[in-house]
Amino acid sequence: TSAAGMAAAGLRPVVAVYSSFLQRGYDQILHDVCIQNLPVVFAIDRAGLVGSDGETHQGLFDVSMLRMVPGTVIYSPATYRQLEADLAEAVDNGTGICAVRYPKGAQPTLTASVLGESTDSWFLESRGGDTLLVTYGRLAEELFLARKSLEEQGRAVDVLVLNRIYPIPEAALEQMERYQRIFFYEEGIRSGSIGELCALHLMEQGYQGQFRLFAVENRFIPQCGVEHGYQLFHADHDSIIKTVLGESLH
């Protein structure tokens with residue numbers, strides 16, 4: 001609410017807040033910021049799984065929560081370079097609510113190597129296959145690890161990483177339509193997720209291929225390591241490999 005007052009006075013406030021704490025300000029986001037279409041930037045820390053911070057701090061709900069707020073733009077960078085660019089874009093050019101969400105921990109090594117200096121709203125690593133793995137943020141590391149292993153086994157798999165996750169870039173959605181199989185992985189709650197939005201778009205376009213969404217479904221994630229948390233909804237790289245190969249998951 002203080003940030004809304006600052007924005008109304010002509011400033012461009014940036015509110016730094018944990019994902020789990022932002023939940024407590026939902027009414028203020030809607031009624032103090034959104035209805036007045038005020039330019040407020042939310043820098044959302046602890047987005048996704050938080051490891052030792054515990055069950056109460058898992059940042060699994062902010063995407064679904066913010067996606068339904070009219071006029072909101074959400075970024076979920078996968079590298080430091082994207083984070084810098086997204087914050088600059090939100091502060092310099094954003095209108096209304098701009099959310100830039102980032103996880104606890106360091107930049108993933110393989111993701112940083114593959115994405116390099118890319119700051120585009122989405123990134124596609126193509127190997128010419130008919131299977132596409134899609135995600136955003138830190139979870140891209142698991143997809144790139146799985147793709148590398150599958151490639152060593154002679155299986156070509158493409159990976160698409162969203163940077164601006166809402167609104168979903170139209171070009172990224174059009175790219176998805178070209179694949180026979182799409183597996184979407186999301187470090188958040190399934191209900192109201194970006195993966196559900198992608199599935200809806202594909203359905204409306206008459207998509208005839210296979211689409212599967214792996215996200216946290218109807219549960220809270222207990223305190224655990226991040227990798228173990230991924231395993232609970234089959235988003236770790238070993239589970240991704242099994243899914244692509246059609247093997248059973250336990």
Side-chain angles (χ1 to χ4, degrees), residues 14-19 22 41-51 53 58-60 62-63 66-67 72-94 98-127 132-151 157-173 175-176 182-188 193-195 198 214-215 225-227 229-230 235-237 240:
V14 178
V15 180
V17 59
Y18 281 14
S19 169
L22 184 63
V41 177
F42 291 96
I44 304 175
D45 191 6
R46 278 9 185 227
L49 300 173
V50 295
D53 283 2
Q58 307 282 24
L60 303 176
D62 61 276
V63 171
L66 290 173
R67 184 177 71 74
T72 297
V73 176
I74 309 174
Y75 299 92
S76 192
T79 65
Y80 294 153
R81 182 70 187 91
Q82 287 186 346
L83 175 58
E84 293 171 353
D86 293 346
L87 279 171
E89 175 67 19
V91 172
D92 295 341
N93 301 313
C98 285
V100 182
R101 57 191 310 276
Y102 47 92
K104 176 185 178 182
Q107 171 181 261
T109 303
L110 182 55
T111 298
S113 174
V114 175
L115 268 59
E117 292 296 305
S118 173
T119 58
D120 294 337
S121 60
W122 62 284
F123 176 92
L124 175 66
E125 186 188 42
S126 179
R127 292 292 188 268
L132 180 67
L133 307 179
V134 186
T135 194
Y136 56 83
R138 173 178 60 182
L139 196 52
E141 184 81 353
E142 299 298 314
L143 273 63
F144 286 130
L145 288 170
R147 183 212 55 76
K148 183 178 180 181
S149 180
L150 287 163
E151 190 172 56
V157 175
D158 293 0
V159 177
L160 192 155
V161 181
L162 297 169
N163 178 19
R164 191 191 76 208
I165 63 174
Y166 188 80
I168 306 171
E170 288 293 330
L173 291 169
Q175 192 67 235
M176 294 179 201
I182 303 171
F183 301 107
F184 198 107
Y185 294 89
E186 191 153 5
E187 194 176 342
S193 65
I194 301 303
C198 290
F214 293 87
V226 172
E227 186 68 18
Y230 289 159
D236 61 292
H237 58 274
I240 295 170

S.K.: Which atoms form the tightest heavy-atom contact between S118 and F123, and what is the distance?
M.R.: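 So the minimum-distance heavy-atom pair works out to OG-CD1, 3.8 Å.
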S.K.: Under the side-chain contact (heavy atoms from CB on, under 4.5 Å) criterion, do V14 and V100 qualify, and how do the steps go?
M.R.: CA-CA 10 Å; V14 178; V100 182; over 6 Å; no
S.K.: Between CD of E125 and CG of L115, what distance do you get to the nearest 0.5 Å?
M.R.: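 Going from the CD atom of E125 to the CG atom of L115 covers 8.5 Å.
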S.K.: Taking C-beta and beyond as the side chain, do W122 and L173 meet within less than 4.5 Å on heavy atoms?
M.R.: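 Not in contact.
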S.K.: Rounded at 0.5 Å granularity, tell me how far CG in L160 sits from CE in M176.
M.R.: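 It is 5.0 Å, given to the nearest 0.5 Å.
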S.K.: Do Y230 and E142 have side chains that get closer than 4.5 Å, going by heavy atoms?
M.R.: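 Yes, at least one pair of side-chain atoms sits under 4.5 Å.
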S.K.: Which atom pair, heavy atoms only, marks the closest approach of S19 to R46?
M.R.: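 Residues S19 and R46, closest heavy atoms: CB-O, 3.6 Å.
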S.K.: First locate atom CD of Q107, then atom CD of Q82, and finally report the distance between them rounded to the nearest 0.5 Å.
M.R.: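 Answer for the CD-CD pair, Q107 versus Q82, is 9.5 Å.
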S.K.: Are D120 and N163 side-chain neighbours, meaning at least one heavy-atom pair lies under 4.5 Å?
M.R.: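 Answer no - side chains too far apart.
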S.K.: Verify, without hydrogens or angle tests, whether Q58 (side chain) and V50 (backbone) share a donor-acceptor contact under 3.5 angstrom.
M.R.: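 Confirmed, Q58 side chain pairs with V50 backbone.
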S.K.: Grab the two heavy atoms, one from A47 and one from I44, that are nearest each other, plus how far apart they are.
M.R.: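 Of all heavy-atom pairs spanning A47 and I44, the closest is CB-O, 4.1 Å.
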S.K.: Would you call L162 and S76 a side-chain contact if the rule is heavy atoms closer than 4.5 Å?
M.R.: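 No; the side chains remain at least 4.5 Å from each other.
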S.K.: Please report the closest heavy-atom contact between A112 and T79, naming both atoms and the distance.
M.R.: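 Where A112 meets T79 most closely, the heavy atoms are CA-CG2, 4.0 Å.
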S.K.: Within this structure, what is the OH-CG distance for the pair Y102 and D86, rounded to the nearest 0.5 Å?
M.R.: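 One finds 12.0 Å between OH of Y102 and CG of D86.
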S.K.: Just say parallel, tilted or perpendicular for the rings of F183 and F214, cut-offs at 30° and 60°.
M.R.: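 Ring orientation of F183 relative to F214: tilted.
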S.K.: Is any side-chain heavy atom of R138 closer than 4.5 Å to one of L49?
M.R.: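 Sidechains of R138 and L49: in contact.
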S.K.: Give a yes or no on whether the backbone of R127 and the side-chain of D158 come within a donor-acceptor separation of less than 3.5 Å.
M.R.: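 Judged by distance alone, yes, a pair lies under 3.5 Å.
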S.K.: Does a side-chain heavy-atom distance below 4.5 Å link E227 with H237?
M.R.: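 Yes, close enough: below the 4.5 Å cut-off.
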S.K.: So which heavy atom on F184 is nearest to which on C198, and how close?
M.R.: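 Taking every non-hydrogen atom into account, CE1-SG, 3.6 Å.
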S.K.: Quick one: CZ on R101 to CD1 on I165, what's the gap to the nearest 0.5 Å?
M.R.: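 So the gap between those two atoms works out to 5.5 Å.
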S.K.: Might you point out which heavy atoms bring P167 and T72 nearest each other, and give the distance in Å?
M.R.: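 Nearest pair, atom of P167 first, then T72: CD-O, 4.1 Å.
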S.K.: Within a strict 4.5 Å, meaning less than it, do heavy atoms of the L22 and L66 side chains meet?
M.R.: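 Side-chain contact under 4.5 Å: yes.
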S.K.: Is the closest side-chain heavy-atom distance between V63 and Y136 below 4.5 Å?
M.R.: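 With C-beta onward as the side chain, the pair touches.
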S.K.: Can you measure from SG (C98) to CZ (R164) and round to the nearest 0.5 angstrom?
M.R.: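 Those atoms lie 10.5 Å apart.
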S.K.: Could you check L139 against E186 for side-chain contact (heavy atoms from CB on, under 4.5 Å), going step by step and ending with a plain yes or no?
M.R.: CA-CA 7 Å; L139 196 52; E186 191 153 5; 5.6 Å; no
S.K.: Do side-chain atoms of E117 reach the backbone of R81 as a donor and acceptor pair under 3.5 angstrom?
M.R.: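 Absent.
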